[in-house]
Amino acid sequence: MSRRILIAGNWKMHGLRSDLGFFDALAVHAGKSNAEVLVCPPSTLLSAAAERCAGTAIRLGGQDCHTGATGAHTGDVAAVMLHDAGARYVILGHSERRSDHAESSSLVCAKAGAALSAGLTPIVCVGETREQREAGEAFDIVAAQLGGSLPAATGSGIVIAYEPVWAIGTGLTASASDVARMHAFIRTRLPEPATTRVLYGGSVKPGNAAELMALDDVDGALVGGASLDIDAFASIIATAG
Ligand code: PGA
């Protein structure tokens, strides 16, 4: 069963309207790539990015959503609002949200349910800290996060991103053999293992992307820092052929 490679850029809290020209350059690379190309900009840019990307192969996503569709939740954004603004994906349970906002797996699960109801594909992030890896707990932690974060009737309409916390923004990446082992393990825990895409994230750069993307159970990348640089992001996309 072939799974289309997904190269996703996570812009985090970066990006202003003056950066929208990025999408014009990206459209050229996305148009000739076999990979699906996704950018998750801050929600303030989604509508303008959607206008800019109309007619291109670029897909857009949010970086978080609320569990509800509407209501008195100052500062929050509903999944249906992201969809309305042009998003088709949403990153959920990123380690920065799990740590900065104390998000639990059960909250991530409720958000994923809201995203699916709104017609968004959730990209659910899991990954162990350095202490957990050194204590030999990486597989247990990832299993618990997967078990708690995925809604029961998920099917294959969901994407998983394995992002070891210690590799995010640090320039450190897990070794190819560690990634291969963890991705194979994650696949055994999925309701639809043959069709669900499992991305790797954590300091993916032009220099390591090809090796990571060549692994059997790696179906793409969630790219932070390097997705802000068009040349770096384009060369990561190019590794997908
Ligand atoms: P990084 O971020 O590529 O800058 O390590 C990845 C992520 O946090 O999704």
Side-chain angles (χ1 to χ4, degrees), residues 5-15 19 22 26 29 35-43 45-46 58-65 82 87 89-103 105 108 111-112 115 120-130 132-133 138 141-142 145-146 149 158-176 178-179 182-183 186 197-213 215 218-240:
I5 294 284
L6 173 62
I7 306 292
N10 173 11
W11 279 14
K12 309 191 180 189
M13 201 168 71
H14 300 281
D19 297 312
F22 180 96
L26 182 62
H29 300 284
E36 184 174 5
V37 174
L38 169 70
V39 176
C40 300
S43 52
L45 284 185
L46 268 176
I58 302 168
R59 297 281 165 270
L60 296 169
Q63 300 177 10
D64 178 46
C65 70
L82 295 175
Y89 286 85
V90 60
I91 298 168
L92 294 174
H94 189 281
S95 70
E96 286 151 17
R97 300 230 33 112
R98 289 183 190 261
S99 63
D100 293 0
H101 300 274
E103 291 198 2
S105 290
V108 174
K111 290 182 173 196
L120 297 177
T121 299
I123 300 174
V124 174
C125 302
V126 296
E128 80 287 355
T129 63
R130 179 192 295 277
Q132 289 163 338
R133 176 156 285 267
I141 293 293
V142 167
Q145 288 176 340
L146 282 174
S149 304
I158 202 159
V159 174
I160 307 298
Y162 169 56
E163 298 204 305
V165 177
W166 48 270
I168 295 175
T170 57
L172 303 171
T173 36
S175 69
D178 282 344
V179 174
M182 184 59 87
H183 278 235
I186 288 172
R197 291 181 290 185
V198 183
L199 314 183
Y200 171 78
S203 297
V204 176
K205 307 280 181 219
N208 59 24
E211 183 187 23
L212 292 163
M213 294 309 110
L215 299 171
V218 174
D219 306 313
L222 184 54
V223 186
S227 74
L228 297 168
D229 177 313
I230 185 63
D231 294 331
F233 197 43
S235 65
I236 292 168
I237 291 166
T239 64

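Remember, it's 1-based here, ligands and their atoms both numbered in the order they're listed. Here, residue 1 is the first one in the sequence, and each next residue gets the next number. Computed from a predicted model, the values in this text were never measured in an experiment.
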Visitor: What are the atoms of ligand 1, with element, lying closer than 4.0 Å to any heavy atom of His94?
Guide: 7 (C), 8 (O), 9 (O)

Visitor: Please answer whether the main-chain N or O of Gly127 pairs with a side-chain N or O of Gln145 as donor and acceptor at a distance below 3.5 Å.
Guide: yes

Visitor: Using a 3.5 Å distance criterion without hydrogens, assess whether the side chain of Asn208 forms a donor-acceptor pair with backbone atoms of Ala176.
Guide: no

Visitor: Which residue supplies the protein heavy atom nearest to atom 3 (O) of ligand 1, what is that atom called, and how far is it?
Guide: Gly224 N, 2.8 Å

Visitor: Using every non-hydrogen atom in the two residues, find where Gly202 and Thr173 come nearest and quote the distance to one decimal.
Guide: O-CG2, 3.0 Å

Visitor: Backbone, side chain, both or neither: what part of Ala167 comes under 4.0 angstrom of ligand 1, heavy atoms only?
Guide: backbone

Visitor: So, using side chain to side chain contact (heavy atoms under 4.5 Å, CB included) as the criterion, who are the partners of Asp231 when residues are at least two apart?
Guide: Asp229

Visitor: Where is the nearest protein heavy atom to atom 9 (O) of ligand 1: which residue, which atom, and how far?
Guide: Glu163 OE2, 2.7 Å

Visitor: What atoms of ligand 1 come within less than 4.0 Å of a heavy atom belonging to Ser203?
Guide: 1 (P), 3 (O), 5 (O)

Visitor: Taking N or O atoms only and a 3.5 Å limit, does Gly169 qualify as a polar contact for ligand 1?
Guide: yes

Visitor: Output the list of atoms in ligand 1 that are nearer than 4.0 Å to some heavy atom of Lys12, sorted by atom number.
Guide: 2 (O), 7 (C), 8 (O)

Visitor: Return the residue, atom name and 0.1 Å-rounded distance of the protein heavy atom closest to atom 4 (O) of ligand 1.
Guide: Gly225 N, 2.8 Å

Visitor: I'd like to know whether the aromatic ring centres of Trp11 and Phe22 sit less than 6.0 Å apart in this structure.
Guide: yes

Visitor: Considering all heavy atoms of both residues, which atom of Arg98 and which atom of Cys125 are nearest to each other, and what is their separation?
Guide: NH2-O, 3.0 Å

Visitor: What part of Asn10, side chain from CB on, backbone N/CA/C/O, both or neither, has a heavy atom under 4.0 Å from ligand 1?
Guide: side chain

Visitor: As an exercise, identify every atom of ligand 1 less than 4.0 angstrom from a heavy atom of Gly202.
Guide: 5 (O)

